[in-house]
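The structure appears below as structure tokens.
In what follows, every chain begins at residue 1, and chains take the letters A, B, ... in the order their sequences are listed.
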Amino acid sequence: MSDIRIQGLAKSYGEVAAVKGIDLAVERGEFVTLLGPSGSGKTTTLRMVAGLEQPDHGTVEVGGTVMNGAGVNVPAHRRNMGMVFQSYAVWPHKTVYDNVVFPLRMKRVGRGEQRARVERMLAMVGLPHEEYGRRFPAQLSGGQQQRVALARALVADPQVILYDEPLSNLDAKLRDSMRLLLRSIHDELGVTALYVTHDQLEAMVLSDRVCVMNHGEIVQQGAPRDLYERPSDLFVAEFIGQANVLPILEAHPRDGVFQVAEGIAIKVPEANRRNAARPQKLVIRHHQIRLHGAAAPGAERDNIFGAVVRHAMYLGDRVRYTLEITAGCTLTAEVVAEAGLPEPGATVWIELPGASCIVI
Amino acid sequence: MPARSAVLLSAFAPRLWSWGLLGAVALLVLAPLGALFYGAVRSHAPGSRRATWTLENLQAVYGGLFESGWAQSATINSITVALPVTLIACALGVFLAWAVTRTDMWGRRLFEIAFLLPMLYSPLVGVIGWSVLADPQAGLLNYLWKAATGAEHSLVNVYSYTGIVWVMVLYFVPYAFILNVGTFRAMDPALEEAAAISGANLWQRLLKITFPIMLGSTAAAALFIFTLALEQFAIPGFLGSHIRFDTLAYAIYLRTNAYPADLPGAAAAGTLLLVLAAIGLYWYRRLTRRAERFVTVTARGYKPALTPLGKLRPVLFALCVLLFLAGVAIPLAAVTLRALIPVRTTGLGLGALSLANFSQLFEAEDILLGLRNSVYLAAGAATVCAALGLLLGFRVVRRKGRETAATDYLVAMPIGIPGTVFGVGMLWAYVGTPLYLTIWILLLAFVTRYLVYGVRTLGAGMMQVDRTLEEAATVAGASPLRTFVFVNLPLLRPVIASTWLIVFMIVMREVSASVILYGVNSVTLPVLTWSYLVDGSYGIASALAILQMLIVAAIVVVFRWAFGVDVKTRSTD
């Protein structure tokens, strides 16, 4: 059963179409992320779900109740949601306790229960009430303020929780631990979550499902692993992870062979051909290219080419190679660093496994 | 040995410089302050043979607080005017700031500029405008009222307690607006949105989140305006003189202006006003120091959603228009009209309008002199303040130390001293010198009083210049002087221009200290406006006020065009 159901949602600012009619359903207890570059419409979508922005068209349903639809616009304060903001938005004139208890006061929860629930929430986010409850936000670090904001968003048992780039103001180390905290709290409480970020790693680690957005549309959605391994769209392939993108000069769909450079034809299994009618690009991830050294592998394998090592960049755990298979056609490959890897100038055999190649 | 002493000298030279500057600033700033307290315990004006030490003046002022007399009534009058003025002006200012920054009211941008217009002209414009409109006998409003209803009694009287409060409120609304608009702008809209998501409706959000967060800075703004209202000289001075309603600032002026002048009495009364202003400023500083609880994290540039006003939209718009009419348009129109009427008439014949007042301006010797003096003084003080500000601001920002911190503190002191009190202090400090009664004492007074704008504005600008830009020039082989001339100066050009403009504008309209310090050969435009007004020559006074406004407006336009400088002053005058 869907907890959030969005249909044909659209919003323009003057001439600029920020969101161009998107459809999205989020299951109860699911953690869904809207991932995209700035200006892709992800924050606007989230704010429309929150009721902070009014859509031009489309419907928003939450828990079976219509929030936005024909003649309906439930204001933000009657939507029973929690939201965590990028700027924390912790009220500077209230103590930690008063910040977190605020949604319960608005809901007129009894005093005794207020206290019990705030203390439970504060313990959960790692800011025990005895130590932190009476402090003011100015006495807390950025990470601690964001924990207060998280506790405040969850304390009143919201139907859904919305995250608007909550980690992007924190430094890298803090971000790691906050990611773990967010996911473990989600696993414990199971509140349906809609998360907005431009950081693909964050999306991968946190989400059950990722929706990649670009120019106000959802271009692809799926489990993080699916998106990474089977991008159906050039934008997704380039936005998530690092990939070689080769132009297709000539396509022979019947044989499954695609020519990307003079004398270089690559065989791709049918399952990996996304755009059968007009194939344009061939995509393969850096780490999926195999190096075979100087000895030629068996002739029964497909997609084996000779290449010259132009550069080798040592990254510690891996080595990144720039390989030239033919004049004007270079690939980037990453392999695990170990003894006996080829040096720049060496000639090697490389393999582009058909199962890892994707035609878009 | 000579080599070593050279090294020692070069190591200490920068600090010597800083200490030397501190000494110079201390002398400049502390002289009028010290002279004020010295004057308060002298029996006669300086130079008099009979002058001795005495506590009589202080006894008369401070002891006078507890018995009926001028000291008590002036103090009570000052406070009973300043209090309602502060409250009403702040309420209106907060309302305007909210309407302009946070709602979808019509013409928000236009109003924002319109309400800053009064910063261009002197408080005397409001005084003249409302005197022309609401004089109990000849006031335009009363004339129209009597003509329309046939009534025999006047409708409004500006020479009254209410009239004083009314004109002062309108004068201080722009200040309250400016001081609060920044807070509304800086406040992260997510703070309100978080409350909405938490289930709070519009009223709950305003009462529990927005207003409490604003409270600190609004209270600080209110205290600031309270001290300005307390020391306001021209408005309550002129309007109150008709009904013997004297405030402290005016009482001080009267003592210097009477014959024979009672300079010790003026100094003693000055210390009282100084103490009152200091109490206000002390609380202001305490409030702003605790500001962290009210400061907010600024969000990334997400355009805040404006509060839709719905049916209230035309209501708010009408309120803003009314405020603009009463505060700016109507008094300005009245002054312009009065400037075009050569003689004092009660009739309203359009045929009587002429430019006679203006042509008279350029024939009268004293007015030409005042015009020249004002322009010289404003340009001179602006140039000196910008140059000294550059020097001091650079040291305060770049060489942190006890001596530069003390310089920064000292430089800000004179702005906290009420204008009339500052004038009396300057008088006592320099009365025996050749500066007395010349244009130079005025220049010195303006530089001392407004140097803080140079130091703070240019210091802030300097802070914006990344230090590595200077270091890059040094590494490239430029000497400190070349670095300053070729890197800092070009980058600071707009800041220097805006500093110059602020000081120029303020000096062009300064009345309260000038009216105490001027001599026959050092009259200024605002002083002349004041004297003609006091003599009842409304036409000339109006023409003078308009002339002053035109000069300032012309300079502002030139600066906008040449340096891209906008008028956003935080001036205190």
**Closest approach of A190(B) to A89(A) (non-hydrogen atoms, all atoms of both residues)** = O-CB, 3.5 Å
**Prompt:** Which atoms of V84(A) come close to chain B, meaning under 4.5 Å heavy atom to heavy atom: side chain ones, backbone ones, both, or neither?
**Reply:** neither
**Request:** Taking the side chain as every heavy atom from C-beta outward, state whether K94(A) and I209(B) have any atom pair closer than 4.5 Å.
**Result:** yes
**Asked** Does the side chain of P103(A) reach to within under 4.5 Å of the side chain of I197(B), using non-hydrogen atoms?
**Response** no
**Heavy-atom contact with chain B under 4.5 Å, split by part of A156(A)** = neither
**Item:** Nearest non-hydrogen partners of M106(A) and S198(B), listed with the distance
**Value:** CB-O, 3.5 Å
**Message:** What I'd like to find out is whether the side chain of M83(A) reaches to under 4.5 Å of the side chain of E193(B), using heavy atoms alone.
**Reply:** no
**Message:** Can you tell me which portion of R152(A) sits under 4.5 Å from chain B's heavy atoms? Options are side chain, backbone, both or neither.
**Reply:** side chain
**Message:** Can you confirm whether H77(A) sits close enough to Q204(B) that some side-chain heavy atom of one is under 4.5 Å from a side-chain heavy atom of the other?
**Reply:** no
**Request:** For residues D188(B) and Y88(A), determine if any side-chain heavy atom of one lies less than 4.5 Å from a side-chain heavy atom of the other.
**Result:** no
**Prompt:** Is there a donor-acceptor pair closer than 3.5 Å between any side-chain N or O of H93(A) and the backbone N or O of K208(B)?
**Reply:** yes
**Item:** Close side-chain approach of F85(A) to P189(B), heavy-atom, < 4.5 Å
**Value:** no
